Novice: 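Take a look at this one; I'll ask things after.
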There are 2 protein chains.
Amino acid sequence: MSLSITTKDVAEKAGVSQATVSRVLNGYPYVNEKTRQKVLEVIKEMGYQPNHVARSMVLQQTKTLGLIVSDITNPFYGEIAKSIMDWAREAGYNVVLCNNDNSREMQDYYQNFLLQKRVDGIIFASVSMEDEEVVKLVRSNFPCIMCNRRLKNNAGSFVVSNNERGAFKAVSYLMSLGHRRIGFISGPANFSTAAERLKGYLEALKAYGVEVDNSLVIQGRFHKQFAYEAAAKLLALENRPTAIFGANDLTALAAMECVLDHGLDIPKDMALVGYDDINISSHRRIGLTTVAQKKEEIGRLAVEKILEMIAKKKRDEKLEPVHIYLEPQLIIRDTCGRNQKERRWNNEGFSL
Amino acid sequence: MSLSITTKDVAEKAGVSQATVSRVLNGYPYVNEKTRQKVLEVIKEMGYQPNHVARSMVLQQTKTLGLIVSDITNPFYGEIAKSIMDWAREAGYNVVLCNNDNSREMQDYYQNFLLQKRVDGIIFASVSMEDEEVVKLVRSNFPCIMCNRRLKNNAGSFVVSNNERGAFKAVSYLMSLGHRRIGFISGPANFSTAAERLKGYLEALKAYGVEVDNSLVIQGRFHKQFAYEAAAKLLALENRPTAIFGANDLTALAAMECVLDHGLDIPKDMALVGYDDINISSHRRIGLTTVAQKKEEIGRLAVEKILEMIAKKKRDEKLEPVHIYLEPQLIIRDTCGRNQKERRWNNEGFSL
DNA sequence: CCATCCTTTGCATACGTATTCATAAAGAGT
DNA sequence: ACTCTTTATGAATACGTATGCAAAGGATGG
């Protein structure tokens with residue numbers, strides 16, 4: 001347990017050189033079996049613990065990934081973070097987690113900080129579309145990858161949901177149920193998720209020959225309070241929508257509260273669809289119909305790809321951008337009033 | 001942005017020694033103003049970024065905290081983690097997050113790993129009561145602190161909820177509403193939270209002169225599936241309870257699903273109380289009456305105390321254990337059928 | 001003018017490890 | 001007995017930074 005014991009101390013006690021101890025630790029072939037045993041014995045006896053800082057210094061790699069998340073209290077990111085941490089550990093990496101609270105200032109601070117910590121790579125979840133610092137980082141050939149949201153112009157590597165298709169599926173589904181006035185509570189325009197889901201929303205309207213009513217589309221922040229107020233605005237319209245599509249589950253959940261607070265029934269008076277499929281959305285009391293993202297897979301792919309980039313970088317090769325679009329899946333539950341089948345524990349709904 | 005540029009490179013270009021560059025970077029007083037300016041200029045020009053690994057090496061401190069969490073997808077830990085990360089950053093520290101999935105093996109792995117990374121301190125959220133490795137760590141005078149759960153015999157430092165009182169409040173409240181048969185879905189016996197909340201449950205029964213019925217107390221894991229099945233067991237009793245106290249919110253939420261799946265009404269047929277007050281519990285569709293933990297404060301205190309310990313350790317002083325019990329607060333919402341007042345957005349309920 | 005102090009700088013070293021280079025001993029083949 | 005290879009080890013160095021020590025230059029005061 002003694003952290004201040006070095007290979008030098010071990011060497012001294014074992015009557016060998018520091019180099020030999022190092023060789024034993026790293027499984028170097030040419031070490032006499034007897035010496036090896038002796039060294040291992042002393043290591044155990046003294047409770048030696050390798051110093052990763054020194055190791056990083058000489059090996060020029062920290063075996064550490066940076067992960068910048070926009071809000072770790074959002075279960076969506078919690079699940080992605082978990083997946084990333086699990087897969088990173090699998091590969092002998094650990095993760096420094098940073099929470100930028102969707103603030104550009106924090107984002108820049110953490111990015112710089114992680115670089116100074118000499119992490120081997122950075123996973124961004126999630127960036128805003130025109131983050132100059134991330135663009136610079138991508139250009140500098142530093143291993144990094146984006147999850148969920150991405151930069152504009154396809155810059156850099158990313159693992160994202162096919163948001164356009166996801167939103168298209170969601171809105172098409174609502175229209176197939178007869179809805180024609182569909183509100184859309186969107187996120188910030190500079191978040192690729194919000195922009196792309198809006199695109200999907202518009203496409204679906206077009207496919208059904210429905211004209212766009214701009215008063216039904218509310219741009220804003222991904223924030224509970226904001227989403228609640230946005231829903232209130234939609235409800236206050238003289239010709240109010242019969243359905244609301246929230247740009248993510250938390251938004252939809254806030255809208256749900258607003259609708260209920262107005263004494264309306266879901267789904268009778270108002271249908272509701274979200275995006276992400278966070279854990280709570282499947283709760284019987286919530287039963288949110290939503291577009292699912294495979295969070296475990298996003299994390300797995302992000303780690304897999306960034307490790308490949310790190311390996312490539314070490315061989316001094318140029319990093320080719322990786323673009324991964326995951327197929328979104330519509331999970332039909334109760335908030336659109338169609339799923340009349342009896343729902344049971346762990347019933348994850350039906351896909352479209 | 002160039003990470004491979006060192007103080008030596010800067011020194012060369014600025015025509016000074018490496019030591020002088022270092023002195024400029026650290027705001028050392030005796031540097032000629034002209035030299036300082038020149039050096040700063042070159043630093044900017046070359047895009048020099050300090051190497052924290054080397055810095056950690058010589059300063060013998062990493063400015064990094066380890067945080068081992070049992071399940072980051074549980075919003076309770078998400079909020080604690082956020083608070084910890086925020087306060088750590090405030091103090092110039094960063095956080096390596098580890099997820100042990102309540103597995104003893106992962107716990108030991110990560111603890112060891114963090115020590116090898118030479119983090120300055122470790123925050124545990126949450127340990128099991130007889131974790132030998134944590135006990136050893138505490139004994140070794142290494143700065144560490146526990147959140148939420150703690151070791152037995154008051155070993156080490158911790159910031160926890162006064163679980164006994166919290167459970168007492170919750171169960172007393174149920175009894176004040178007339179409930180006499182109250183089920184308790186507990187967590188593992190070797191989690192201090194579970195053990196202490198059970199104690200509070202029993203005390204409350206005693207205070208009301210109600211005899212304990214062991215069939216109403218179900219010990220188990222903090223796991224959705226388990227909690228659901230535990231609730232099913234309670235419902236299957238010939239003389240089933242009229243209320244269920246879940247050892248945490250996720251447990252209560254799972255129980256809620258089970259109760260609803262059995263066609264029962266909440267709160268008419270079954271009252272429900274949880275513990276933690278995670279974000280979703282206040283959702284209008286959930287309205288879970290629960291014992292609140294101040295997650296932000298837990299994080300703040302944990303960081304504050306561990307930084308004190310780190311400072312003390314550096315002065316070679318012995319670390320005095322810190323024991324903090326936070327007063328739990330009962331938040332009354334809808335699941336016990338008493339809160340008839342109109343609930344509105346952001347209404348956090350009433351405290352008892 | 002000399003002693004003393006303050007300011008400024010460079011040299012050298014330390015942090016703990018991995019690894020190259022050199023060397024020595026031991027076998028192996030002729 | 002001799003080279004040649006294989007095995008085994010230690011000495012020395014590098015990684016990038018901070019800092020103690022020495023020294024040089026200038027300023028100050030008597």
Side-chain angles (χ1 to χ4, degrees), chain A residues 1-40 42-43 46-64 92 113 115-120 314, chain B residues 1-40 42-43 46-64 92 113 115-120 314:
Chain A
M1 192 71 68
S2 275
L3 298 180
S4 49
I5 291 177
T6 70
T7 46
K8 204 176 146 197
D9 301 327
V10 172
E12 218 159 284
K13 190 148 185 181
V16 297
S17 75
Q18 180 271 330
T20 298
V21 175
S22 175
R23 281 191 269 254
V24 169
L25 285 167
N26 293 288
Y28 199 80
Y30 297 139
V31 179
N32 183 285
E33 189 51 30
K34 234 172 158 177
T35 345
R36 153 173 277 112
Q37 289 307 330
K38 174 68 184 167
V39 169
L40 288 176
V42 174
I43 282 176
M46 302 182 79
Y48 166 80
Q49 290 281 30
N51 184 325
H52 268 46
V53 177
R55 214 150 179 283
S56 295
M57 178 96 225
V58 47
L59 292 181
Q60 299 286 73
Q61 56 160 345
T62 52
K63 286 279 185 180
T64 297
F113 188 85
L115 291 178
Q116 299 193 349
K117 292 281 290 187
R118 295 299 191 270
V119 295
D120 296 335
K314 206 181 288 178
Chain B
M1 193 70 68
S2 274
L3 299 181
S4 49
I5 291 177
T6 70
T7 45
K8 204 175 146 197
D9 300 328
V10 173
E12 218 159 286
K13 190 150 185 179
V16 297
S17 76
Q18 178 270 329
T20 298
V21 175
S22 175
R23 283 190 268 254
V24 169
L25 286 167
N26 293 287
Y28 200 79
Y30 295 138
V31 178
N32 185 284
E33 190 50 30
K34 235 173 158 177
T35 346
R36 154 174 277 110
Q37 289 307 329
K38 175 66 183 167
V39 168
L40 287 176
V42 175
I43 281 175
M46 302 182 80
Y48 166 79
Q49 291 281 30
N51 184 326
H52 269 45
V53 177
R55 212 148 180 285
S56 296
M57 178 97 229
V58 47
L59 293 181
Q60 298 285 74
Q61 56 160 346
T62 51
K63 287 278 184 180
T64 297
F113 189 84
L115 291 178
Q116 300 193 349
K117 292 283 288 187
R118 295 299 191 270
V119 296
D120 296 336
K314 207 182 285 179

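Residue numbers start from 1 in every chain, and the chains themselves are labelled A, B, ... in the order their sequence lines are given, proteins ahead of strands. Remember, it's a predicted structure, so these values are computed and weren't measured experimentally.
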Novice: Check side-chain contact (heavy atoms from CB on, under 4.5 Å) between A:Ala54 and all other residues, then give those that pass, not counting sequence neighbours.
Specialist: A:Asn51, B:Met57

Novice: B:Lys38: which residues meet the salt bridge (Lys or Arg N to Asp or Glu O under 4.0 Å) condition with it, sequence neighbours left out?
Specialist: none

Novice: Between which nucleotides of DNA chain C, 5' to 3', does chain B make heavy-atom contacts below 4.0 Å?
Specialist: C:dT7 to C:dG16

Novice: Indicate the atoms forming the closest heavy-atom contact of A:Asp120 with A:Thr62, along with that distance.
Specialist: OD1-N, 3.0 Å

Novice: Looking at residues at least two apart in the chain, or sitting in another chain, which of them share a side-chain hydrogen bond (donor to acceptor under 3.5 Å, both in side chains) with B:Gln37?
Specialist: B:Glu33

Novice: Show every salt bridge (charged side-chain N to carboxylate O under 4.0 Å, His left out) that has at least one partner inside residues 13-30 of chain A, sequence neighbours left out.
Specialist: A:Lys13-A:Glu45

Novice: Run the side-chain contact (heavy atoms from CB on, under 4.5 Å) test against B:Arg55 and tell me which residues pass, sequence neighbours left out.
Specialist: B:Asn26, B:Leu59

Novice: Please identify each residue that fulfils side-chain hydrogen bond (donor to acceptor under 3.5 Å, both in side chains) with A:Lys117, with sequence neighbours left out.
Specialist: B:Thr64

Novice: Given axes from five pairs at either end, by how many degrees does the helix from C:dC1-D:dG30 to C:dT30-D:dA1 bend, rounded to 10°?
Specialist: 50°

Novice: Across the strands shown, which category fits A:Thr35 at heavy-atom distances under 4.0 angstrom: base, sugar-phosphate, nothing?
Specialist: sugar-phosphate

Novice: Could you work out, with side-chain hydrogen bond (donor to acceptor under 3.5 Å, both in side chains) as the rule, every residue matching A:Lys314, not counting sequence neighbours?
Specialist: A:Gln61

Novice: Which residues pass the side-chain hydrogen bond (donor to acceptor under 3.5 Å, both in side chains) test with A:Ser56, sequence neighbours left out?
Specialist: none

Novice: In the 5'-to-3' direction, what one-character label does each nucleotide of nucleotides 17-26 of chain D receive under the scheme B = base within less than 4.0 Å of a protein heavy atom, S = sugar-phosphate only, - = no such atom?
Specialist: BBBB------

Novice: Output all residues satisfying side-chain contact (heavy atoms from CB on, under 4.5 Å) with B:Gln116, sequence neighbours left out; order by chain, then residue number.
Specialist: A:Gln49, A:Pro50, A:His52, B:Asn112

